[in-house]
Amino acid sequence: RFAGRVQAGDLALFYYAGHGAQLQQENYLIPVDFQATSPADVKYRAYPASLAREKLEERGARLRILILDACRNNPFRATRSGADGLAAMKSDAEGTLIAFATGDNNVAADNPAETNGLFTKHLVAALQTPALSLDEIFRRVKQDVYLASGRKQNPFTYDNIVGRYYFQPGPAAAAPVASPELDRQTELAYWTSIKDENNAELLEEYMQRYPAGQFVTIARARLARLRTPAAASPPLRVETGSGEVRVNPKDGQQYVWIPPGSFEMGCSPGDRECDADEKPARAVTISRGFWLGQTEVTVEAYRRFTQASGQRMPEEPNLLKRPLNPGWSNGRMPVVNVSWEDAKAYCAWAGGRLPTEAEWEYAARAGSTEARHGALDRVAWYADNSGRGRLNSTAIKEKYEYWLRDNGNSMHEVAGKESNRFSLYDTLANVGEWVADWYDKDYYAQGSGRDPRGPDAGQARVVRGGAWYSRPRYARVSSRMSGGPSNRNDSVGFRCAWEVP
């Protein structure tokens, strides 16, 4: 009846709060008098959410908003077709927005102590705030629900909206959206989530939402520092790469040409997160160009090695602990649980070697003097984005591993994020990478160098790059780790330097 009243050009909003179920990737809204005994009852007696969307789209409404506060436990999740929460629900039709109380396949809080669920509570407050556009409303709801739930519930929105729409006119309210009893809690949670980020927009957002907040003075000072132009760094001497990519016929991996050049190795200018073993930065020259694996060595490539050499495949990652990780069934995953000796043997078989630590950092920087070659979420899989939902790992102080396990954090396929200027993928995270050198905590204090190498002996080999479990401070180009040459774990792989015949 509602869809039948909608006319072409109307603005239509459909809101549902109640029980929902997902069967075979279809979402169903459950009637209040529904008695479920099997999945078939849901399929034929409940209301498909996609039908509501399609009816509104057929009527030609200019703007169609579907809000589903319906991500509850699925009574049939033990069956082959059942799962907790609701499935992803998108639309290619211009003018449709679909908002979920939480992300795909997750469960929302009923908030039994209050009239509305947690999502709707914050949605109502945002809808009543003047001068918030449609996209700003749902961004604010997402943030407030995420913080108020202790980072367990993360609302999600799919939209194909062109233009800006507003529910309330007038100047923006100075008061924060969160209800009074959560003001101090949400302010502290929000500040904790941004205090280690060098992002002026986040600081401005904090000061706008909390003009009399506890940390306004600190935020203002940091904002001024971020906007003060830094002293110009001396230009790096890096030759332009040819962009040439070659496939090694031995392992089937792609290798890119890394030209010779000079750079500052170690802690990046202005980087406040460096550890002592990244200092002091020193001038280094890589005198000869070399070929380097465009990605970390994959499961598929390593399987070629085992078939040719008689070696065994390494142990698969523990899928019980890492449910999002498909293990060795996906050949595009980076191979892990390999020791330094395994990595060295593979590279030799492939006609190459492990890169030195200096070569690795030079290639990973690709001419950049920054700690990262781009925005972290765009270039790396790390703790905050490698699981089912988004985490703020910097704010998690206790039982960090439990958070990662419960969120399903794991490594991802290679080349899933943006590359650097040398067309190398996953240098900042996904999995750490063995390099040739022995680890020395005072390595950077040895002064400038030409094609430097680590000490002649030691107890641990260097691992470079962060991993899927790393907090942001370890997903930096100069970050260093180490491990015994025989160690194996599910967060360390490698890439090879190839000596082209």
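Basis for what follows: all heavy atoms, side chains included, without hydrogens, waters or symmetry-related copies. These numbers were taken from a predicted model, which means no experiment stands behind them.
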When you check the side-chain N and O atoms of [X] and [Y], is any donor under 3.5 Å from an acceptor?
X      : Y      : result
Ser268 : Arg365 : yes
Asp437 : Thr356 : no
Asn430 : Tyr382 : no
Gln294 : Ser423 : no
Thr285 : Ser262 : yes
Tyr443 : Arg282 : yes

Side-chain heavy-atom pair [X], [Y] within 4.5 angstrom cut-off:
X      : Y      : answer
Leu354 : Val435 : no
Trp328 : Arg303 : yes
Ile258 : Leu424 : yes

Partner residues of Thr157 under the side-chain hydrogen bond (donor to acceptor under 3.5 Å, both in side chains) criterion, sequence neighbours left out: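 Thr157 satisfies side-chain hydrogen bond (donor to acceptor under 3.5 Å, both in side chains) with no other residue.
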
Criterion side chain to side chain contact (heavy atoms under 4.5 Å, CB included) on Ile286 and Val284, from CA distance to verdict: CA-CA 7 Å; Ile286 302 298; Val284 166; 4.2 Å; yes

Centroid separation Trp381 to Trp468 less than 6.0 Å: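 Centroid distance Trp381-Trp468: not below 6.0 Å, so no.
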
Does the ring center of Phe263 lie less than 6.0 Å from the ring center of Tyr362?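 Ring-ring flag for Phe263/Tyr362: true, centres closer than 6.0 Å.
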
With Arg461, which residues qualify under salt bridge (Lys or Arg N to Asp or Glu O under 4.0 Å), at least two apart?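 Not a single residue meets the salt bridge (Lys or Arg N to Asp or Glu O under 4.0 Å) criterion with Arg461.
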
Stepwise salt bridge (Lys or Arg N to Asp or Glu O under 4.0 Å) check, Arg139 with Asp135: CA-CA 6 Å; Arg139 283 205 306 268; Asp135 58 328; 3.3 Å; yes

Which label fits Trp340 and Trp438: parallel for a plane angle under 30°, tilted from 30 to 60°, or perpendicular past 60°?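 Rings of Trp340 and Trp438: parallel, under 30°.
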
Heavy-atom neighbours of Glu418 CD exceed 12 at 6.0 Å: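 Check passes, neighbour count above 12.
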
Over 12 foreign heavy atoms within 6.0 Å of CD, Glu300: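 Atom CD in Glu300 is not packed in, count stays at 12 or less.
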
Enumerate the salt bridge (Lys or Arg N to Asp or Glu O under 4.0 Å) contacts for residues 464-485, please, sequence neighbours excluded, ordered by first and then second residue.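 Residue pairs with at least one partner in residues 464-485: Asp271-Arg476, Asp275-Arg473, Glu278-Arg476, Glu357-Arg464, Glu357-Arg480, Glu361-Arg464.
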
Sequence neighbours excluded - salt bridge (Lys or Arg N to Asp or Glu O under 4.0 Å) pairs with any residue from residues 331-349: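 Applying salt bridge (Lys or Arg N to Asp or Glu O under 4.0 Å) to every pair that reaches into residues 331-349, excluding sequence neighbours, yields Asp342-Arg488.
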
Tell me the disulfide (SG to SG under 2.5 Å) pairs involving residues 327-402, sequence neighbours left out?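 Residue pairs with at least one partner in residues 327-402: Cys347-Cys496.
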
Once ring pair (Phe, Tyr, Trp, His ring centres under 6.0 Å) is applied, do any residues pair with Tyr346, and if so which ones, sequence neighbours excluded?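 Tyr346 satisfies ring pair (Phe, Tyr, Trp, His ring centres under 6.0 Å) with Tyr302, Phe305, Trp349, Phe494 only.
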
Going by an N to O cut-off under 4.0 Å, is there a salt bridge joining Arg353 and Glu359?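 Result for this pair is yes, salt bridge flagged.
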
